[in-house]
Undergrad: 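Below are the structure tokens for one structure; questions will follow.
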Amino acid sequence: DAGKPVCHYEADMYFIDWAGSYLFDPTRLKDAHNWCQTCVKISLKSGFSCIVSNTFIKKWELQPYIDMASSLKIPVTIITMEGKYGNIHGVPDEKIQQMIKNFER
């Protein structure tokens, strides 16, 4: 809807401190994804549209967002980015290739 507020979330936002510094901690990834899902749920229930830009390799990783939207009768659009983008986590190229190989449409 034109003019409707839109929120943008990604799990990486969880790792940004109050001063704006990005402090990634791989041991807290589960917390980051739970935070992201909670933010989306609150925003959707408040009438906002949401954009979630996470790395979804397996369908089950995306499913909570689809379920949230479905329960609120909100349509979902999935946009798959297939370019070659850098990463700020130092993920080795071999791991990225494995993620590409394991990607579920």
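As a basis for the values below, the full set of heavy atoms in this structure was taken, side chains included, without hydrogen atoms, waters or symmetry mates.
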Undergrad: For a quick test of reading the model, state the closest non-hydrogen atom pair linking A11 to A32 and the distance between them.
TA: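 Between these two residues, the closest heavy atoms are O-CB, 3.6 Å.
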
Undergrad: Classify the ring geometry between Y14 and W35 as parallel (under 30°), tilted (30 to 60°) or perpendicular (over 60°).
TA: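 The arrangement is tilted - the two ring planes meet at 30° to 60°.
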
Undergrad: Under a plain distance cut-off of 3.5 Å, with no hydrogens placed, do Y9 and S53 share a side-chain donor-acceptor pair?
TA: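 No donor-acceptor contact under 3.5 Å links the two side chains.
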
Undergrad: When you look at NZ of K95, are more than 12 heavy atoms from neighbouring residues, nucleotides or ligands closer to it than 6.0 Å?
TA: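 Atom NZ in K95 is not packed in, count stays at 12 or less.
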
Undergrad: Under 4.0 Å between a Lys/Arg side-chain N and an Asp/Glu carboxylate O for E94 and K101?
TA: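 So E94 does not pair with K101 through a salt bridge.
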
Undergrad: With a cutoff of under 4.5 Å between side-chain heavy atoms, which Ile, Leu, Val, Met, Phe, Trp and Tyr residues group with I57?
TA: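 Besides I57, the cluster holds M99.
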
Undergrad: I need the single residue from T38, V40, L44 that forms a side chain to side chain contact (heavy atoms under 4.5 Å, CB included) with I42. Which is it?
TA: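 Exactly one pass, corresponding to T38.
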
Undergrad: Keeping the roles fixed (side chain from Q37, backbone from N34), state whether a donor-acceptor pair exists under 3.5 Å.
TA: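 No; judged by distance alone, with no hydrogens or angles, the pair does not exist.
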
Undergrad: For atom CG of N102, decide whether the heavy atoms of other residues, nucleotides or ligands shown that lie under 6.0 angstrom number more than 12.
TA: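 More than 12 within 6.0 Å, yes.
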
Undergrad: Linking Ile, Leu, Val, Met, Phe, Trp and Tyr by side-chain heavy atoms under 4.5 Å, what else ends up with V6?
TA: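 In the cluster with V6 are I51.
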
Undergrad: Closer than 3.5 angstrom, by distance alone: can the side chain of N54 be matched with the main-chain N or O of F56 as a donor-acceptor pair?
TA: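 The answer is no, because no donor-acceptor pair under 3.5 Å joins these two groups.
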
Undergrad: Hydrophobic cluster mates of V91, side-chain heavy atoms under 4.5 angstrom, ILVMFWY only, any path?
TA: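 Same cluster as V91: I96, I100.
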
